[in-house]
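Residue numbering restarts at 1 for every chain, and letters A, B, ... go by the order of the sequence lines. These figures come from a predicted structure and were not determined experimentally.
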Amino acid sequence: MIKTKALRQEQIEKSRLVIRHDAFSASFTPDFTPKFIAGADVGFEESGTVTRAAIAVLQYPSLELVEYQIARIDTVLPYIPGLLSFREYPALMAAWQKLSLRPDLVMVDGQGIAHPRRFGVASHFGVLADIPTIGVAKSRLCGEHARVGEIQGSRQPLMDHGEQIGVVLRSKKRCNPLYISLGHKVSIDSAVFWVEQCIRGYKLPEPIRWADGIASNRPFFKQTMQKNL
DNA sequence: GCGACAG
DNA sequence: ATCTTGTCGC
């Protein structure tokens, strides 16, 4: 039996710890520019019994891969809409602890505060790892928004009960838009800004695209992976 | 009661 | 998420 009630309550309590403004490093300044931006992705293997997390660290602004780590652990929870973070953050933390570099910012595949209780996986991971995070999801969990323009760069605010919880961005023409929300220690404006700075002709920002590619062993990434590292 | 519902 | 080839559209 899964105590969904208690998990939801935990989200409500921990969501108070989310910092919704820019608070990068100790040397934070208004014109702060990150040196390393990471991307995180979670997948499943062995019929879902194994949870696999991959984190790719890219140098900014060149966006070249400088490090990556993969962690595999036993799956602890089935997928339940709204409770995704409890299923994914253990593996994310495992991969995180293997990292030798300390990224300035992490983009996570999933929602940040664009969540019923304002505590999606990007926020959950950000708070526990105490690192600035941005939620980049490929589809909507909650909230409403006007139709997004077809041209690249078009955007619409994602609203929920009168509150803006994110931005829906057309990162690439003819592709479904991205649902961007702040995860932790990054303002919504900065979240969208950094995602756009990491777009290189593909729908997904490079950090997440790399985390995705590395985790799934796709030939191109595997090749560049060894050549670069 | 019915529909929605990140990955 | 994952199982998977070809195929429609720009």
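In terms of position on DNA chain C, the residue among A:R174 and A:D109 whose nearest nucleotide sits closer to the 5' end is A:D109.
Residues A:E10 and A:F119 form no side-chain contact, since every pair of their non-hydrogen atoms from C-beta on lies 4.5 Å or further apart.
A:R170 places no side-chain N or O within donor-acceptor distance of the main-chain N or O of A:I151, the cut-off being under 3.5 Å. Proximity of a side-chain donor or acceptor of A:R102 to a complementary backbone N or O of A:S100 within less than 3.5 Å is not detected. Without hydrogens or angle criteria, A:H184 side chain to A:I19 main chain gives a donor-acceptor distance under 3.5 Å. Side-chain N or O atoms of A:D22 include one that pairs as donor or acceptor with a backbone N or O of A:S187 at under 3.5 Å.
As rounded to whole Å, 19 Å separates atom P of B:dC5 from atom CZ of A:R87. Between the OH atom of A:Y179 and the C1' atom of B:dG7 there is a distance of 15 Å, rounded to whole Å. What separates CD of A:Q111 from P of B:dA4 is a distance of 18 Å, to the nearest Å. Distance, A:R117 CZ to B:dA6 C1': 12 Å, rounded to whole Å. A straight line from OH of A:Y89 to C1' of B:dG7 spans 17 Å, rounded to a whole angstrom. Spacing between atom CG of A:L77 and atom P of C:dA1 amounts to 18 Å, rounded to whole angstrom units. Separating the CZ atom of A:F125 from the P atom of B:dA6 is a distance of 22 Å, rounded to the nearest angstrom. Distance A:R118 CZ to B:dA6 P: 16 Å, rounded to the nearest Å.
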Problem - Intra- and inter-strand pairs of DNA chain B in dot-bracket (Watson-Crick or G-U wobble, both distances under 3.5 Å; | for another strand) - result: .......

Problem - Pair assignment for DNA chain C - dot-bracket with | for other-strand partners, Watson-Crick or G-U under 3.5 Å - result: ..........

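Across all their heavy atoms, A:E67 and A:L101 have their closest contact at OE1-N, 3.1 Å.
OP1 or OP2 of C:dT2 has at least one side-chain nitrogen or oxygen of A:R52 nearer than 4.0 Å.
Residues from residues 132-157 of chain A placing a heavy atom under 4.0 Å of any atom in DNA chain B, listed by number, are A:A137, A:K138, A:S139, A:R140, A:L141.
Once rounded to the nearest 0.5 Å, the distance linking CD1 of A:I134 with CG of A:L105 reads 4.5 Å.
Proximity of the aromatic rings of A:F86 and A:H124 is defined here by a centroid distance below 6.0 angstrom, and this criterion is met.
Other residues, nucleotides and ligands contribute only 12 or fewer heavy atoms inside 6.0 Å of the OH atom of A:Y68. More than 12 heavy atoms of other shown residues, nucleotides or ligands fall within 6.0 angstrom of atom CZ in A:R200.
Within the nucleic acid shown, A:L83 comes within 4.0 Å of at least one base atom, counting heavy atoms only. When heavy atoms are screened at a 4.0 angstrom cut-off, A:Y79 is found touching base atoms of the nucleic acid. Across all strands shown, A:E45 has no heavy atoms under 4.0 Å from either base or sugar-phosphate atoms. Across all strands shown, A:G120 has heavy atoms under 4.0 Å from base atoms, whether or not it also approaches the sugar-phosphate.
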Practice task
Report the C-alpha distance between A:E46 and A:R72 in whole Å, list the side-chain angles of each, state the deciding distance to 0.1 Å, and finish with yes or no for salt bridge (charged side-chain N to carboxylate O under 4.0 Å, His left out).
Solution key: CA-CA 11 Å; A:E46 308 300 320; A:R72 288 171 221 272; over 6 Å; no

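A:T51 and A:T75 are linked by a side-chain donor-acceptor pair at a separation below 3.5 angstrom, with hydrogens and angles left out of the test.
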